[in-house]
Undergrad: 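Right, I'll just put the structure down here and ask away after.
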Amino acid sequence: MRADMLKGHLDLLLLAIIEDGPSHGYAVIEELRRRTDGALDLPEGTIYPALHRLERAGLLVSGWTEVNGRRRRSYSLTPSGKTASKVKRREWTAFALTVQRVVGAPPWPTMA
Amino acid sequence: MADDGLIEAYLRELRFSVATLPDADDIVAEALDHLLEALERHDRDSRSRAEIEAEVIARFGSAALVSRVCMSEAKRGAAVPTTRTRHAGLAAVVAPVLLVIGQSGNLAIEEGAGHGVAVFALTLSFPALAYGLWGLRARHGGLGRLGKAALVLALASPVLSMAASYAAIFALALLLSVAMTVFAVEMLRASVLPVAPLTLFAAGPLGVLVLGAVALGITMAGGDAGELPIELVASPVAIASVGFAWLGWHLWREPAVDHPTQGHRALAG
């Protein structure tokens, strides 16, 4: 799946993964890959700026720990993030249903 | 930093690329952790360490790409309803009301305090419009370059239109219509807000542009565009106003994620 097809939906995917518990960037990306059977082919480094943006927006909070002698940043959802995740899920469901109604509908009846 | 090799060279390049960002050190620290974690977890095979490092770096993305995304994401929001987008929604509801009251008073009352109040209301409708547009853009997380350009054009339109002297009001209508059309198209593409008010919001400024072309044609043919019926001239503005107020009402009704009680309402809904 191309990166541009994800436009507008990446936030929901990230929030949904982090909703399950605090995660560092690498774990988030691996989980994204696992849940999509590798269908999402994004340059991994482009996920971090999105995580930073969600933190600036108050939807995520991060903290640093030391692992194997290097600094590691983990992200978790804020109460606002939990609400935003719910809102975005609802928006996605409505959008997906709308598209499905069109592409899944039977063709317009034609005269033989 | 890391061990000698491609990863260290990559991180130096990334550090240089994101140097202007305030969180450059954090970006590089996270990249280092990611690359070393990926390296540690990589299946050992017959390839050299340098080849595996090259693969890990390729999956992470070039320093130029990562820094470009960092720059663009730094300018975006999270596309969620907040207290500020709700207030902007309220401004979007109020803007057309101020416009109608202000313009009606401006035409009906020739002088005195009543005229002053009407002109004040008319003037206030523009900041209300601007705040409403800002809120719509924020609700979409930025609306990309075109959305930003449209907002800037809308904000600058009163100043730019002054260059048209006596035709300033027409220039203002033209500039605002172009800005709002682009804005509406970008919002329709984003599919975040309901289609019906967005369509009205798009149809209004498009109608103004069509009317402008018709008026220009009449004038160039030697006719008087001023004889166009007032109902026809006012209808695109009315349509856009209904669409804008409707969108504003939608923003106002959305529970803000940064508000504790409204957030709970959204979770329960």
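Here is the naming used below: chain letters follow the sequence lines, and residue numbers restart at 1 for every chain. Since the model is a prediction, treat every value here as computed from it, not as a measurement.
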Undergrad: Is it the side chain or the backbone of B/Ala38 that comes within 4.5 Å of chain A heavy atoms, both, or neither?
TA: both
Undergrad: Salt-bridged, A/Glu30 to B/Arg41, with N to O below 4.0 Å?
TA: no
Undergrad: Check the surroundings of atom CH2 in A/Trp64: do more than 12 heavy atoms from other residues, nucleotides or ligands lie under 6.0 Å from it?
TA: yes
Undergrad: If you take all heavy atoms of A/Pro43 and B/Gly61, which pair is closest and at what distance?
TA: CB-CA, 4.1 Å
Undergrad: So which of B/Ile27, B/Val69, B/Leu14, B/Leu65 has the biggest tally of heavy-atom pairs under 4.5 Å with chain A?
TA: B/Val69
Undergrad: So what's closer than 4.5 Å to chain B heavy atoms on A/Ile47: side chain, backbone, both or neither?
TA: neither
Undergrad: Could you tell me which portion of B/Asp23 (side chain, backbone, both or neither) has an atom closer than 4.5 angstrom to a non-hydrogen atom of chain A?
TA: side chain
Undergrad: For chain B, which candidate among A/Asp11, A/Thr46, A/Val67 shows the most heavy-atom pairs at distances under 4.5 Å?
TA: A/Thr46
Undergrad: Please give me the minimum heavy-atom distance between B/Val66 and A/Gly45, naming the atom from each residue.
TA: CG1-O, 3.8 Å
Undergrad: Mind running side chain to side chain contact (heavy atoms under 4.5 Å, CB included) on A/Val87 and B/Val80 for me, showing each step along the way?
TA: CA-CA 8 Å; A/Val87 169; B/Val80 288; 5.7 Å; no
Undergrad: Distance check, rounded to the nearest 0.5 Å: B/Glu37 atom CD versus A/Arg72 atom CZ?
TA: 4.0 Å
Undergrad: Please list, chain by chain and in numerical order, all residues satisfying ring-ring contact (aromatic ring centres under 6.0 Å, His included) with B/Trp246, sequence neighbours excluded.
TA: none
Undergrad: Rounded to the nearest 0.5 Å, how far apart are CD of A/Glu66 and CG of B/Asp33?
TA: 10.5 Å
Undergrad: List the steps, then state whether side chain to side chain donor-acceptor pair (under 3.5 Å) holds for B/Glu30 with A/His52.
TA: CA-CA 11 Å; B/Glu30 272 190 295; A/His52 300 167; 2.5 Å; yes
Undergrad: What distance separates B/Asp26 CG from A/Arg71 CZ, expressed to the nearest 0.5 Å?
TA: 5.5 Å
Undergrad: Using 30° and 60° as the class boundaries, would you call the ring planes of B/His34 and A/Tyr48 parallel, tilted or perpendicular?
TA: perpendicular
Undergrad: By a 4.5 Å heavy-atom criterion (distance strictly below it), what part of B/Ala29 contacts chain A: side chain, backbone, both, or neither?
TA: both
Undergrad: Shorter than 4.5 Å, heavy atoms on both sides: which option in A/Ala57, A/Gly58, A/Ala50 has the most such pairs with chain B?
TA: A/Ala50
